[in-house]
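Heavy-atom basis, side chains included; hydrogens, waters and symmetry copies ignored. Owing to the predicted nature of the structure, the values given are computational and were not obtained by experimental measurement. We're numbering straight along the sequence, starting at 1.
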Amino acid sequence: MSDIIVRFAGNEKGEEECAYGTRAKTLAGRFGVPIEKIAAFKVNNEIRPVETPLTFNSFLEPVLIDSPEGAMIYRRSLAFLLAVAQRKIFPERRLYVGHSLGNSYYYTFTEGVQPSSEDVSSLSSAMEELVKEDLPITFKHIAFEEALDLFKKNNQTDTLLLLDQRSSSRLKINECNGYMDIYVEPLLPRTGLLASFELMPYKEGLLLRFPGIGKGNEIEPFVDEPSIFRVYNEYKRWGRIVGVRVVGELNSLVAKRTIQDYIRIAEAHQARKLADIADLIYERRGTVKMILLAGPSSSGKTTSAKRLALELMVLGIKPIAIGLDDYYVGTASTPKDEKGQPDYECLEALDLPFLNEQLLALYRGEDVTLPVYDFKTGSRKPSGGRKIKLDRRTVLIVEGIHALNDALTPNIDRETKFKLYVSALTQLNLDDHNRIPTSDNRLLRRMVRDNQFRNKDAAGTIKMWPSVQAGERKHIFPFQNTADAAFNSALDYELSVLKYYAEPMLRAVKPGMCEYSEAVRLLSFLENFAPIPPQYVPGNSILREFIGESEFKY
């Protein structure tokens with residue numbers, strides 16, 4: 001074979017002639033970074049394992065373990081290591097990955113048996129031993145029929161279901177210490193790189209804990225999130241009851257043409273949860289005067305607020321919505337971020353004294369004229385907007401990223417506030433060992449909505465997503481445990497609908513673009529889902545906020 005040309009990120013003029021099939025890891029020295037700190041490589045902007053052979057002219061860039069992308073590779077590799085350890089010491093049992101909880105993944109045994117402290121300790125010791133042995137984690141292709149036999153032999157029934165959506169003659173797998181699992185995304189090359197973890201008993205299962213993004217090898221003290229766990233657990237239980245826990249079970253409903261029945265059930269279940277929250281508010285109708293609603297980007301907060309308002313009206317409560325955006329101090333007075341740009345997401349970007357002055361006036365029963373912010377001029381309109389007044393049957397609904405932060409409304413009695421946290425907490429997994437990050441669900445929602453209503457392409461949404469997530473970690477997640485209730489806006493069928501819109505958008509992201517690696521990852525992820533026609537989605541569904549044609553006005 002002829003030689004190939006490899007160019008290196010950070011050295012635009014530097015290139016090297018390499019032999020065909022050269023492993024990417026052998027070129028790590030060109031970046032001045034120890035190979036132990038590299039989780040993967042971007043080969044022409046596609047994230048590939050460090051052992052990837054280079055078979056064509058390539059532009060090479062390292063993905064550091066401590067980067068956001070590298071941190072996700074570390075977590076997936078750690079989950080794989082736990083699966084290897086479980087198969088080694090508990091071969092007759094199945095360990096099922098659940099949802100995330102802070103910098104942790106929650107696991108249970110599928111037999112419903114709660115692991116003892118000794119079980120957790122044994123698993124931890126087995127993982128530590130695998131780390132000491134520094135075993136290779138390899139990837140390879142095997143024939144499709146061989147994969148079927150393998151997963152059937154290992155009782156990996158959820159993975160077998162997932163393969164019903166695949167039609168390739170070969171399948172890529174990861175292997176370590178004789179254990180094989182389906183390849184979803186790149187993993188670290190050796191078990192010796194996975195020394196930073198902690199296993200601890202939790203509820204009916206255990207937590208696999210790992211370092212936070214940008215924290216190096218440090219595992220921070222555990223902070224419980226009981227309300228989020230409770231919502232997740234309720235939905236996991238519901239998923240088991242209706243028989244849709246993993247993507248393969250969802251795909252089987254599409255294949256059987258019974259998916260519309262499931263959609264009706266999922267929407268009805270979500271409506272009941274909103275009604276339950278409305279009942280909680282009604283029980284406190286003598287004291288609650290304001291509902292504060294917050295959640296991360298693309299959680300469906302607007303539609304959730306509108307549907308909650310309907311549920312409250314059924315109970316005789318009249319909701320009045322207030323938008324925090326109308327309380328911006330204006331471009332000229334907005335604080336600057338570390339880059340010297342206006343920081344519209346910080347709390348100080350809002351006119352807090354004016355907001356609290358108006359809220360107190362409303363509490364006293366006075367008429368108040370709400371402000372209207374003009375985004376074109378970057379200032380408040382002098383004429384104002386609606387005039388409102390509270391009576392014994394009215395309640396305010398205030399939606400915004402800072403709504404759960406008591407510093408937003410410091411002058412308002414806590415007893416008069418009902419805090420509601422909204423997020424899309426999907427309970428679906430790909431299979432036993434491979435979970436679906438809730439952030440992927442929200443990113444795809446955001447991508448589709450940006451394209452439908454803001455004329456933004458997929459690359460544009462992908463580019464700004466890290467800054468959105470940074471804002472969530474700073475302004476929203478620290479306050480989620482202060483909520484009086486949490487609402488899960490995810491619909492387990494929605495990724496199959498979003499696929500219809502997202503796939504052509506993602507294919508428009510080309511290899512020369514920085515966003516290509518994320519687009520490839522999402523396309524690979526969506527391949528696991530059988531598509532569901534958008535016309536099956538009800539007009540009042542939260543999903544309509546993102547795909548369009550909602551019965552609500554925004």
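The closest donor-acceptor contact from the side chain of Ser122 to the backbone of Glu118 lies under 3.5 Å. With Lys172 contributing its side chain and His141 its backbone, the two residues share no donor-acceptor pair below 3.5 Å. Looking at Ser77, its side chain does come within 3.5 Å of a backbone N or O of Leu188 through a donor-acceptor pair. Within the 3.5 Å criterion, the main-chain N or O of Lys301 finds no donor-acceptor partner in the side chain of Ser299. Although no hydrogens or angles enter the test, the distance criterion places no donor-acceptor pair under 3.5 Å between the side chain of Ser496 and the main chain of Phe529. A distance-only check finds no donor-acceptor pair linking the side chain of Ser124 to the backbone of Ser121 [under 3.5 Å]. In this structure, Ser304 contributes its side chain and Gly300 its backbone to a donor-acceptor pair below 3.5 Å. In this structure, Gln270 contributes its side chain and Ala490 its backbone to a donor-acceptor pair below 3.5 Å. Judged purely by atom type and a 3.5 angstrom limit, Lys236 uses its side chain to pair as donor or acceptor with the backbone of Gln427. Between the Gln114 side chain and the Lys203 main chain, a donor and an acceptor come within less than 3.5 Å of each other.
A donor atom on one side chain and an acceptor atom on the other are found under 3.5 Å apart for Asp181 and Gln156. Side-chain atoms of Ser297 and Arg446 include a donor-acceptor pair closer than 3.5 Å. For the residue pair Thr287 / Glu415, no side-chain donor-acceptor distance below 3.5 Å is found, with atom types taken as modelled. Between the side chains of Gln165 and Glu527, no donor-acceptor pair is found at a separation under 3.5 Å. Under 3.5 Å, the side chains of Arg76 and Asn434 contain no donor-acceptor pair of N or O atoms. Tyr493 and Glu267 form a side-chain donor-acceptor contact under 3.5 Å, judged by distance and modelled atom types alone.
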Thr461 and Met464: side-chain contact (heavy atoms from CB on, under 4.5 Å), yes or no, with the steps?
CA-CA 5 Å; Thr461 302; Met464 48 75 68; 4.2 Å; yes
Go through the steps to decide whether Val537 and Ile263 satisfy the test side-chain contact (heavy atoms from CB on, under 4.5 Å), and finish with yes or no.
CA-CA 8 Å; Val537 181; Ile263 289 173; 5.7 Å; no
Determine whether Asn177 and Thr191 satisfy the following criterion, side-chain contact (heavy atoms from CB on, under 4.5 Å), listing intermediate values before the conclusion.
CA-CA 10 Å; Asn177 202 36; Thr191 61; over 6 Å; no
Could you give me the CA-CA distance, side-chain angles and deciding distance for Ser541 and Leu491, then say whether side-chain contact (heavy atoms from CB on, under 4.5 Å) is met?
CA-CA 9 Å; Ser541 173; Leu491 292 155; 3.5 Å; yes
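Shortest non-hydrogen contact noted between Ala85 and Ala126 is CB-CB, 3.8 Å. Heavy-atom minimum distance, Leu428 versus Val247: CD2-N, 4.2 Å. Residues Ile47 and Glu69 share a closest heavy-atom pair of CD1-OE2, 3.8 Å. Residue Asn528 comes nearest to Ser524 through the heavy atom pair ND2-O, 3.6 Å, listed as atom of the first residue, atom of the second, then distance. Nearest heavy atoms, Ile173 versus Phe151: CG2-CZ, 4.4 Å. Across all non-hydrogen atoms, the minimal contact from Ile182 to Asn174 is O-OD1, 4.3 Å.
With Phe210 as reference, Tyr105 is the one residue of Tyr74, Phe197, Tyr105 to meet the ring pair (Phe, Tyr, Trp, His ring centres under 6.0 Å) rule. In summary, of the residues considered (Leu194, Leu95, Leu130), a side-chain contact (heavy atoms from CB on, under 4.5 Å) with Leu82 occurs for Leu95 alone.
Using a cutoff of 4.0 Å between basic side-chain nitrogens and carboxylate oxygens, Arg94 and Asp432 are scored as salt-bridged. Using a 4.0 Å cut-off between charged nitrogen and carboxylate oxygen, Lys417 and Asp484 do not count as a salt-bridge pair. In this structure, Arg442 pairs ionically with Glu472, as a charged nitrogen and a carboxylate oxygen lie closer than 4.0 Å. Electrostatic pairing of Asp440 and Arg521 counts as a salt bridge here, judged by a charged N lying under 4.0 Å from a carboxylate O. Salt-bridge check for Lys273 with Glu234: passed, with a basic side-chain N closer than 4.0 Å to an acidic carboxylate O. A salt bridge links Asp119 to Arg93: one of the charged nitrogens lies within less than 4.0 Å of a carboxylate oxygen. A salt bridge links Asp261 with Arg264: the distance from a Lys NZ or Arg NE/NH1/NH2 to an Asp or Glu carboxylate oxygen falls below 4.0 Å.
A perpendicular orientation is assigned to the rings of Tyr202 and Phe222, their planes being inclined by more than 60° (bins at 30° and 60°). Ring pair Phe80/Tyr179 is tilted by interplanar angle, where 30° to 60° counts as tilted.
With a 4.5 Å cut-off on side-chain heavy atoms, Ile38 and Val33 count as touching. The shortest side-chain heavy-atom distance between Lys152 and Leu148 does not fall under the 4.5 Å cut-off. In this structure, Thr416 and Val288 have side chains that are not in contact, with every pair of non-hydrogen atoms separated by 4.5 Å or more. Side-chain contact between Leu498 and Met447: absent, with no pair of heavy atoms (C-beta onward) separated by less than 4.5 Å. Proximity of Ile277 to Phe487: side-chain heavy atoms (C-beta onward) are separated by under 4.5 Å at one or more points. Within the 4.5 Å cutoff, the side chain of Ile137 has no heavy atoms near those of the Pro189 side chain. Arg48 places none of its side-chain heavy atoms less than 4.5 Å from the side chain of Lys42. Between Arg414 and Asp406 the shortest side-chain heavy-atom distance falls below 4.5 Å.
Aromatic pair Tyr235/His269: centroids less than 6.0 angstrom apart. Note: Tyr106 and Phe229 meet the aromatic proximity criterion, with ring centroids under 6.0 Å apart.
In the displayed structure, Arg166 atom CZ is contacted under 6.0 Å by more than 12 heavy atoms of other residues, nucleotides or ligands.
Of the inter-residue distances, the one linking Lys419 atom NZ with Leu293 atom CG reads 12.5 Å to the nearest 0.5 angstrom. In this structure, the separation between CZ on Arg245 and CG on Leu161 is 8.0 Å, given to the nearest 0.5 Å. Here Ile89 contributes atom CD1 and Met127 contributes atom CE; the two are 10.5 Å apart, rounded to the nearest 0.5 Å. Atom CD1 of residue Ile142 and atom CE of residue Met180 lie 6.0 Å apart, to the nearest 0.5 angstrom. In this structure, OG on Ser196 lies 12.0 Å from CZ on Arg209, to the nearest 0.5 angstrom. Between the NZ atom in Lys140 and the OH atom in Tyr183 there is a gap of 15.0 Å [rounded to 0.5 Å].
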